[in-house]
Chemist: 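Dropping a structure here in structure tokens format, bear with me for questions.
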Amino acid sequence: MLTKQDLIEQLHLEKHPEGGYYKETYRSKVTLKKESLPSEFGSVRSVSTCIYFMLTSDEFSAFHKVNQDEIWHFYLGSRILLHMISPDGEYSKIKIGTDFSNGEIPQFVVPAQYWFAAEVIQPESFALVGCTVAPGFDFEDFELAKRKELQQKFPKHQALISRLTR
Ligand code: GUN
């Protein structure tokens with residue numbers, strides 16, 4: 001049986017600031033100049049990047065947002081519950097996994113600028129997914145939520161934000 005430690009070692013995963021572990025597996029050598037990107041991108045970007053991302057049941061991926069749509073691909077482990085708050089404050093959730101007859105899906109796109117957080121619901125377990133973005137990832141495009149600020153912006157989701165921020 002694969003353990004969380006096996007995955008960290010065999011896939012060379014490192015801690016991610018949002019929670020969980022990751023390793024960048026692809027960064028296109030093709031780049032896009034700032035002039036050809038929407039204004040929210042401050043400088044040149046790779047056209048696309050991809051990571052492994054592992055989340056365990058003893059922590060969560062805290063609310064954050066990026067400037068790109070982010071495509072999640074399920075690889076193995078237990079299902080992930082993904083929580084989203086749209087820029088208008090609309091809440092939605094989705095289960096990423098392989099129990100298709102119960103509404104889980106193996107691939108999901110989180111729209112750019114949505115605040116999102118993720119957790120593994122099953123105790124003592126973990127999930128391995130892939131996350132692809134285009135244009136490619138840059139920490140300049142990444143914002144980790146500040147609890148108070150996000151609660152002030154979306155007061156009706158105060159409890160959820162409190163639980164899924166640090
Ligand atoms: N590279 C480093 N962090 C991330 C992330 O959160 N998402 C994606 N897609 N790539 C990353």
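Because the structure is a prediction, the values reported are computed rather than measured. What you see below is based on every heavy atom in this structure, not just the backbone, and it leaves out hydrogens, waters and symmetry mates. Ligands are counted one by one from 1 in listed order, and the atoms in each one are counted from 1 as well.
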Chemist: Should you measure from each heavy atom of Glu18, which atoms of ligand 1 turn up under 4.0 Å away?
Modeler: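 The list of qualifying atoms is 6 (O).
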Chemist: Ring-plane angle category for His16 and Phe137, please: parallel below 30°, perpendicular beyond 60°, tilted otherwise.
Modeler: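 Answer is perpendicular, since the angle exceeds 60°.
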Chemist: Could you work out, with side-chain contact (heavy atoms from CB on, under 4.5 Å) as the rule, every residue matching Glu35, not counting sequence neighbours?
Modeler: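 With sequence neighbours excluded, Glu35 shows a side-chain contact (heavy atoms from CB on, under 4.5 Å) to Lys33, given in chain and number order.
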Chemist: Need the ligand 1 atom indices (1-based, order shown) with element for anything under 4.0 Å from a heavy-atom of His16.
Modeler: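 This gives 2 (C), 3 (N), 4 (C), 5 (C), 6 (O) as the contact atoms.
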Chemist: Any atoms of ligand 1 less than 4.0 Å from a non-hydrogen atom of Tyr22? List them with their elements.
Modeler: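 It comes down to these atoms of ligand 1: 2 (C).
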Chemist: Once you restrict to heavy atoms under 4.0 Å, what part of His64 touches ligand 1? Side chain, backbone, both or neither.
Modeler: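 No part of His64 is near ligand 1 at this cut-off.
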Chemist: Report, in ascending order of atom number, the atoms of ligand 1 lying under 4.0 Å from any heavy atom of Cys131.
Modeler: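 What qualifies from ligand 1 is 9 (N).
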Chemist: Distance under 4.0 Å to a non-hydrogen atom of Val133: what atoms of ligand 1 satisfy this?
Modeler: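 What qualifies from ligand 1 is 9 (N).
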Chemist: Do the numbers put Lys15 on top of the ring of Tyr21, so that NZ or CZ is under 6.0 Å from the six-membered ring centre and no more than 45° off the axis?
Modeler: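 Ring-cation test returns yes.
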Chemist: Side chain, backbone, both or neither: which part of Phe53 has a heavy atom under 4.0 Å from ligand 1?
Modeler: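 Within the 4.0 Å criterion, Phe53 makes no contact with ligand 1.
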Chemist: Glu70 heavy atoms, cut-off 4.0 Å: which ligand 1 atoms fall inside?
Modeler: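 Heavy-atom distances to Glu70 below 4.0 Å select 5 (C), 7 (N), 8 (C), 9 (N).
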Chemist: Looking only at heavy atoms, which two atoms of Ala127 and Phe74 are closest? And how far apart?
Modeler: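 Shortest heavy-atom separation between Ala127 and Phe74 comes out as CB-CE1, 4.4 Å.
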Chemist: Please evaluate residues Thr56 and Asp58 with respect to the criterion side-chain hydrogen bond (donor to acceptor under 3.5 Å, both in side chains), reporting the C-alpha separation (whole Å), side-chain torsions for both, the decisive distance (0.1 Å), and the verdict.
Modeler: CA-CA 5 Å; Thr56 67; Asp58 44 46; 2.6 Å; yes
Chemist: Please tabulate, for side-chain N and O atoms in residues 113-121, each donor-acceptor pair with protein atoms closer than 3.5 Å (sequence neighbours left out).
Modeler:
{"unit_1": "Gln113", "atom_1": "NE2", "unit_2": "Asn67", "atom_2": "OD1", "d": "3.0"}
{"unit_1": "Glu119", "atom_1": "OE1", "unit_2": "Arg163", "atom_2": "NH1", "d": "2.9"}
{"unit_1": "Glu119", "atom_1": "OE2", "unit_2": "His83", "atom_2": "NE2", "d": "2.8"}
{"unit_1": "Glu119", "atom_1": "OE2", "unit_2": "Arg163", "atom_2": "NH2", "d": "3.0"}

Chemist: Judged on heavy-atom distance to atom 4 (C) of ligand 1, which of Trp72, Phe137, Tyr52, Phe139 sits nearest?
Modeler: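 Looking at heavy atoms only, the winner is Phe137.
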Chemist: Using a strict cut-off of less than 4.0 Å between a Lys/Arg side-chain nitrogen and an Asp/Glu carboxylate oxygen, indicate whether Arg166 and Glu18 qualify as a salt bridge.
Modeler: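 No salt bridge links Arg166 with Glu18.
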